[in-house]
Trainee: 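Sharing a structure, written as structure tokens. Questions coming.
First listed ligand is number 1; within each ligand, the first listed atom is number 1.
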Amino acid sequence: MKKIIFVVGGVMSSVGKGVAAASLGSILKSKGFRIANIKCDMYVNIDAGTIRPAEHGEVFVGMDGVEADQDLGNYERFTDQICTRDNYITTGQVYQEVIRRERNLEYNGEDVEVVPDIPNEIIRRIMQCQEKNDSEVTIVELGGTVGEYQLLLFLEAARMMKAKNPEDVSFVMVSYLPTPRLLGEQKSKPTQYAIRTLNSAGIAPDFILCRAESPVGDAIKNTISTVCSLTKERIISAPDVNSIYDIPVNFEKENLGEVLLKAMNLEARQSDLSEWESLSEKIKNLSDEVTIGIVGKYFNLKSCRDTYISVIESINHASWLNGRIPKILWLDSEEYENDPQKINELPQVDGIVVPGGFGARGTEGIMMAIKFARENNIPFLGLCYGMQLAFIEFARNVCGISGATSQEIDPNASDQVIHVMPEQIKNLEQKNYGATMRLGDYPCVLKKSSKSFSAYGMENISERHRHRYELNNDYREILEKNGMMIAGNSPDGLLAEIIEIPSHPFFVATQFHPEFKSRPFTGHPLFNAFVSACVKK
Ligand code: GLN
């Protein structure tokens, strides 16, 4: 019996629906079930690759190169299971496929209707992911909140699945219970309305996860239980947590796994969440901090967490492994451009990370910070654009190539030490931007004398990419002569994947994005080595 759990949001967004869906995956996996997590996004975009991360959150890159919603990162971190394009469905993909089929006469002369043809395509995609993963339980998270018009066709797909196989489909609503300051008590009315809204789509929730500042008490559980005709054991308290990695354990304290299995008619199984328990304990008991500065542009504090979530989580994992509480400072590169003196405030950090990015804005300020890290022996980790800018900074200030830049920053410059990859030229000319970068996992061979090799403990690695530009090989020799090491290359030796400065305590920058592969229990080798260098400093 293959089961589907739909996870829908009630009341408002950004209350941790993705982490809840990911935690469900981790609990069921720990009970020995084969699982898969799917994210459905309501936008008409084909994928997240063309969406601005500063507003909509990080673009997560999968092994197969899918540019997806950040929740796929949560799924991978919580379930330690790889997600691909099969785990990610958007309204755009669904319509594109239905229209393609219509043009191919695949509807055999029938007219094509929004209902049922659009929900049918959503169902086909869910089943395809289930088959490919051979998952016994597939957790399908619907983006957004009930009551949003654009959610309707996905809810209709879910309803149709439930109508066909009532035993195999369950609904979990992640809701929110506000505590107005003047009242000082939790209110369940918004959740009651959200349940009714879901009812009007023909769906009754089987579980309510009650997100709230504090644990949800019995009285409130009773009220919700009466309103939505659910037994109290199916109303789960999900209070704010110290760390998101407490959530699987908290859910299990509420017996969620067992009750869920019962609801789905699956046999009860013991879960082993001991690794999660010890991680939570460890995090709680740390006392010393490590301060990491992340340098970039448009740092509006509200959205930073979502924009750089994988980088932040990688720093978290590595810090915990190094016995430290991570403290992240957001350093706005444009401030250094406006007031170069500000760079002298940088010593307050133990290490500097420059994450990926696009475009010319803020890059001069970022390079000022990189220069400061290089000259003052501050551990530095550059990620993608962070590597390209580190290469430019070194070319300018160490090798004396004063006009060194990237073709992305100045397409007419003569010293483009970072330039567009040959296969990308046509894409740019034709404005063919969507899903055309160098994307996904590529192999890389490490130099044995490098810090990267010591960090990974192996010569052949594979990491995720998302870029159009690359290091210009014409400049390899001069930079190497001046003390930079190309520490990792593509197997054919043509693409530089990692640069290092061997004389510096820790100056490592990668063309790939290691942050997509960090896991809470093990961290990522490069982040672990970077934070270890920060702690030593
Ligand atoms: N803008 C750079 C490129 O396209 C770097 C991309 C990134 O940091 N992800 O090559």
Side-chain angles (χ1 to χ4, degrees), residues 47-54 56-63 65-68 70 73 294-299 304 306-312 314 333 352-367 369-370 380-393 395 404-411 413 416-429 431-442 444 463-473 475 488 490 494-499 508-518 526-527:
D47 57 40
T50 54
I51 307 178
R52 204 177 313 124
H56 303 275
E58 166 188 279
V59 178
F60 183 81
V61 183
M63 177 182 93
V66 63
E67 295 174 282
Q70 54 169 321
I294 301 185
V295 187
K297 61 178 169 177
Y298 34 64
F299 280 173
C304 276
D306 278 356
T307 312
Y308 297 102
I309 179 162
S310 291
V311 176
I312 297 171
S314 304
S333 63
I352 290 175
V353 173
V354 173
F358 294 85
R361 218 182 95 194
T363 48
E364 290 302 321
I366 294 176
M367 285 189 274
I370 295 174
F380 168 78
L381 183 61
L383 310 170
C384 203
Y385 213 20
M387 159 179 156
Q388 298 176 355
L389 295 173
F391 194 70
I392 297 169
E393 189 280 316
T405 189
S406 164
Q407 191 171 359
E408 184 177 2
I409 297 171
D410 181 358
Q416 296 175 357
V417 300
I418 303 293
H419 65 174
V420 76
M421 290 186 276
E423 70 270 23
Q424 289 292 341
I425 294 171
K426 224 182 181 169
N427 286 331
L428 289 180
E429 278 168 6
K431 296 197 177 208
N432 185 15
Y433 298 125
T436 57
M437 281 189 255
R438 181 173 179 236
L439 291 166
D441 276 17
Y442 283 92
C444 165
E463 291 282 4
R464 298 214 182 137
H465 291 253
R466 183 174 189 248
H467 59 112
R468 241 181 255 288
Y469 298 83
E470 60 161 331
L471 189 149
N472 182 342
N473 286 332
Y475 293 88
S490 56
L494 292 179
L495 295 170
E497 306 284 33
I498 307 180
I499 59 172
V508 177
T510 62
Q511 184 57 78
F512 50 78
H513 291 271
E515 68 269 24
F516 294 136
K517 285 199 171 173
S518 182
L526 286 182
F527 278 91

Trainee: Do you see a donor-acceptor pair shorter than 3.5 Å between the side chains of Thr436 and Arg468?
Mentor: yes

Trainee: Please list, chain by chain and in numerical order, all residues satisfying salt bridge (Lys or Arg N to Asp or Glu O under 4.0 Å) with Glu470, sequence neighbours excluded.
Mentor: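 For Glu470, no residue satisfies salt bridge (Lys or Arg N to Asp or Glu O under 4.0 Å) once neighbours in sequence are set aside.
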
Trainee: What's the spacing between Met421 CE and Asn427 CG if we round to 0.5 Å?
Mentor: 9.5 Å

Trainee: As a test of understanding, state which of Glu463, Gln388, Arg466 forms a side-chain hydrogen bond (donor to acceptor under 3.5 Å, both in side chains) with Gln511.
Mentor: Gln388

Trainee: Any side-chain to backbone donor/acceptor pair from Tyr469 onto Tyr385? Under 3.5 Å, distance only.
Mentor: no

Trainee: Please report the closest heavy-atom contact between Glu67 and Asp47, naming both atoms and the distance.
Mentor: O-CB, 3.2 Å

Trainee: Contact residues of ligand 1 with a heavy-atom cut-off of under 4.0 Å?
Mentor: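 Under the 4.0 Å cut-off, ligand 1 touches Gly356, Gly357, Phe358, Cys384, Tyr385, Gln388, Glu408, Arg466, His467, Arg468, Tyr469, His513.
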
